[in-house]
2 protein chains.
Amino acid sequence: MKLSTRTRYGIRAVLELAENHGNRPLQLKIIAQRQDISVKYLEQLMAILKSAGLVRSIRGSKGGYILAKAPGQIRLNEVFNCLEGPLTTVECLEDEDYCARTADCVTKQLWAQVQYAIINILQSITLQDLVNRTKNSRKPDYQI
Amino acid sequence: MKLSTRTRYGIRAVLELAENHGNRPLQLKIIAQRQDISVKYLEQLMAILKSAGLVRSIRGSKGGYILAKAPGQIRLNEVFNCLEGPLTTVECLEDEDYCARTADCVTKQLWAQVQYAIINILQSITLQDLVNRTKNSRKPDYQI
DNA sequence: ATTATTCCTATTACATTAGTAGTATATTAC
DNA sequence: GTAATATACTACTAATGTAATAGGAATAAT
């Protein structure tokens with residue numbers, strides 16, 4: 001139950017874009033430097049985010065990436081879903097016919113509960129929220 | 001972010017033991033039949049659970065497995081931890097030196113929040129709770 | 001002894017992840 | 001219109017982890 005680097009890197013990259021919001025496009029080269037990720041790998045992650053409609057690319061010289069929406073309009077579960085894949089802790093939550101026990105399966109209900117809790121957190125946080133947290137990181141505005 | 005079969009099978013197996021609590025040891029053969037898991041694979045899972053002190057084994061004829069504690073005394077996070085590995089969504093939550101950003105890393109705080117939510121749910125549920133849920137599965141005693 | 005069961009170790013097939021590499025294409029600057 | 005700068009696309013590879021399968025050893029009951 002570890003996060004893939006895809007997701008971790010991806011969120012960090014998108015966070016860079018959020019901090020850059022309103023300015024000129026940000027190049028992968030810059031993100032790669034700041035976040036210590038290879039440009040080539042970042043390209044692939046951005047391709048995923050782009051096809052999901054979360055970021056926009058500007059090609060050519062002075063090009064780069066920008067967010068497709070304002071940071072306050074992008075919820076973390078959107079980013080998470082397209083990088084980590086749809087958060088399906090167990091198959092049977094998606095596919096009713098996956099197993100015969102499905103009707104009264106108590107473990108299924110359990111995993112649904114866990115999954116819901118995760119989605120709930122990610123849905124409640126926007127990129128803007130994360131940017132704000134960064135700004136006053138000495139004095140966090142939330143409570144774990 | 002999928003659960004391993006290790007964890008899914010393991011929880012189902014342990015749940016069988018919970019339902020059998022108070023009776024004679026339950027054989028893997030039986031669990032395997034009921035849960036449609038190979039005996040050989042179950043053996044490995046039980047070895048993990050055994051070394052974690054969650055179950056006890058009785059060897060030889062009429063042997064089998066029993067829970068090491070009453071079902072009400074075993075919380076799901078105990079089972080989960082030893083099967084899925086310690087729930088570490090990201091390395092830096094365990095290892096402070098893992099990355100230089102650790103001090104004011106906002107994504108780290110995010111993953112900590114997610115991790116805590118999961119652990120919190122698993123900690124609040126015992127095997128006995130699951131057994132009870134099974135009994136009145138037509139009319140669940142909880143709300144997702 | 002025979003049978004039933006767990007115990008231990010090795011092996012295998014497969015999928016995924018994380019990353020590298022090379023070339024093509026678009027845009028800007030001069 | 002050429003050079004420089006970026007993204008776009010596709011293929012490949014190495015390492016890792018997962019989900020088993022297999023064979024035989026040890027132990028206990030009858």
Side-chain angles (χ1 to χ4, degrees), chain A residues 1-13 16-17 20 23-33 35-68 82-86 88-91 99, chain B residues 1-13 16-17 20 24-33 35-52 54-68 82-86 88-91 99:
Chain A
M1 198 88 164
K2 255 181 202 150
L3 285 174
S4 61
T5 62
R6 241 198 337 270
T7 301
R8 290 185 289 116
Y9 292 179
I11 298 244
R12 274 155 57 192
E16 288 282 345
L17 294 185
N20 186 63
N23 302 326
R24 320 199 53 174
L26 193 58
Q27 288 95 46
L28 291 190
K29 194 175 57 179
I30 309 291
I31 299 178
Q33 271 172 17
Q35 296 290 335
D36 197 31
I37 306 171
S38 102
V39 173
K40 283 297 191 182
Y41 195 36
L42 262 183
E43 279 182 10
Q44 295 177 40
L45 305 188
M46 296 311 274
I48 300 174
L49 293 167
K50 189 186 170 188
S51 71
L54 288 173
V55 305
R56 248 182 251 149
S57 67
I58 293 93
R59 298 180 70 162
S61 181
K62 303 257 173 177
Y65 287 89
I66 56 172
L67 291 183
C82 73
L83 291 169
E84 193 73 23
T88 312
T89 45
V90 285
E91 289 295 339
C99 124
Chain B
M1 199 90 165
K2 255 182 203 151
L3 286 173
S4 61
T5 62
R6 244 202 330 272
T7 302
R8 290 185 287 118
Y9 293 180
I11 298 245
R12 275 155 57 193
E16 288 282 345
L17 294 185
N20 186 62
R24 320 198 54 173
L26 191 59
Q27 289 96 44
L28 292 191
K29 194 176 57 177
I30 309 290
I31 300 178
Q33 272 171 15
Q35 296 291 336
D36 196 30
I37 305 170
S38 101
V39 173
K40 282 298 191 180
Y41 194 37
L42 263 182
E43 278 181 9
Q44 294 177 43
L45 305 188
M46 296 311 275
I48 300 174
L49 292 167
K50 189 186 170 188
S51 72
L54 288 173
V55 304
R56 249 181 250 146
S57 66
I58 294 93
R59 298 180 70 163
S61 183
K62 304 255 176 179
Y65 287 89
I66 56 172
L67 291 182
C82 72
L83 291 169
E84 194 72 23
T88 312
T89 44
V90 286
E91 288 297 337
C99 124

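Because the structure is predicted, anything quoted here is derived from the model rather than measured. Quick note on labels: first sequence line is chain A, next is B, and so on, each numbered from 1.
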> How about B:L49 and B:L83: do any of their side-chain heavy atoms sit closer than 4.5 Å?
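They are in side-chain contact.
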> Which residue pairs satisfy the side-chain hydrogen bond (donor to acceptor under 3.5 Å, both in side chains) criterion with at least one member in residues 37-46 of chain A, sequence neighbours excluded?
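Pairs touching residues 37-46 of chain A that pass the test: A:T5-A:Y41.
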> How do B:Y65 and A:T7 order along DNA chain C: which one's closest nucleotide is nearer the 5' end?
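Checking each residue's closest nucleotide, the 5'-ward one belongs to B:Y65.
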> By a strict heavy-atom criterion of less than 4.0 Å, which residues belonging to residues 38-47 of chain B are in contact with DNA chain D?
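Here the set is B:S38, B:K40, B:Y41, B:Q44.
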> Where is the tightest heavy-atom contact between A:C82 and A:L54, given as atom of each residue plus distance?
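Nearest heavy atoms, A:C82 then A:L54: SG-CD1, 3.8 Å.
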> Along DNA chain C, 5' to 3', what are the outermost nucleotides having an atom less than 4.0 Å from a heavy atom of chain B?
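The protein-touched segment is C:dA4 to C:dA10.
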> Between OH of A:Y9 and CD1 of A:I37, what distance do you get to the nearest 0.5 Å?
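If we round to the nearest 0.5 Å, A:Y9:OH and A:I37:CD1 are 6.0 Å apart.
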> Test of understanding: with side-chain contact (heavy atoms from CB on, under 4.5 Å), list the residues that count as partners of B:R56, not counting sequence neighbours.
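Partners of B:R56 by the side-chain contact (heavy atoms from CB on, under 4.5 Å) criterion, ordered by chain and then number, come out as B:I66, B:A68.
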> How close do A:L17 and A:M46 get, heavy atom to heavy atom, and via which atoms?
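Shortest heavy-atom contact: CD1-CE, 3.6 Å.
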> Please identify the 5'-most and 3'-most nucleotides of DNA chain D with any atom under 4.0 angstrom from a heavy atom of chain A.
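Taking any atom under 4.0 Å from a heavy atom of chain A, the span is D:dT5 to D:dA11.
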> To the nearest 0.5 Å, tell me how far A:L26 CG sits from A:N20 CG.
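It comes to 4.5 Å.
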> Looking at B:I48 and B:R6, what are the two nearest heavy atoms and their distance?
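Result for this residue pair: CD1-CD, 3.9 Å.
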> Quick one, A:Y65 and A:P25 - any side-chain contact, counting heavy atoms below 4.5 Å?
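Side chain of A:Y65 against side chain of A:P25, heavy atoms only: no contact under 4.5 Å found.
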> Nearest heavy-atom pair of B:G63 and B:Q27: which atoms, and what distance?
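For B:G63 versus B:Q27, the nearest heavy atoms are O-NE2, 2.8 Å.
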> Taking all heavy atoms of B:L3 and all of B:R8, pick out the closest pair and write down the distance.
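Scanning both residues, the minimum pair turns out to be O-NE, 3.9 Å.
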> Check B:Q35 against B:R12 and note the closest heavy-atom contact, atom names and distance.
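The answer is O-NH2, 2.7 Å.
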> Which ones in residues 50-61 of chain A lie close to DNA chain D, meaning a heavy atom under 4.0 Å from one of its atoms?
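Close to the strand are A:K50, A:S57, A:I58, A:R59, A:G60, A:S61.
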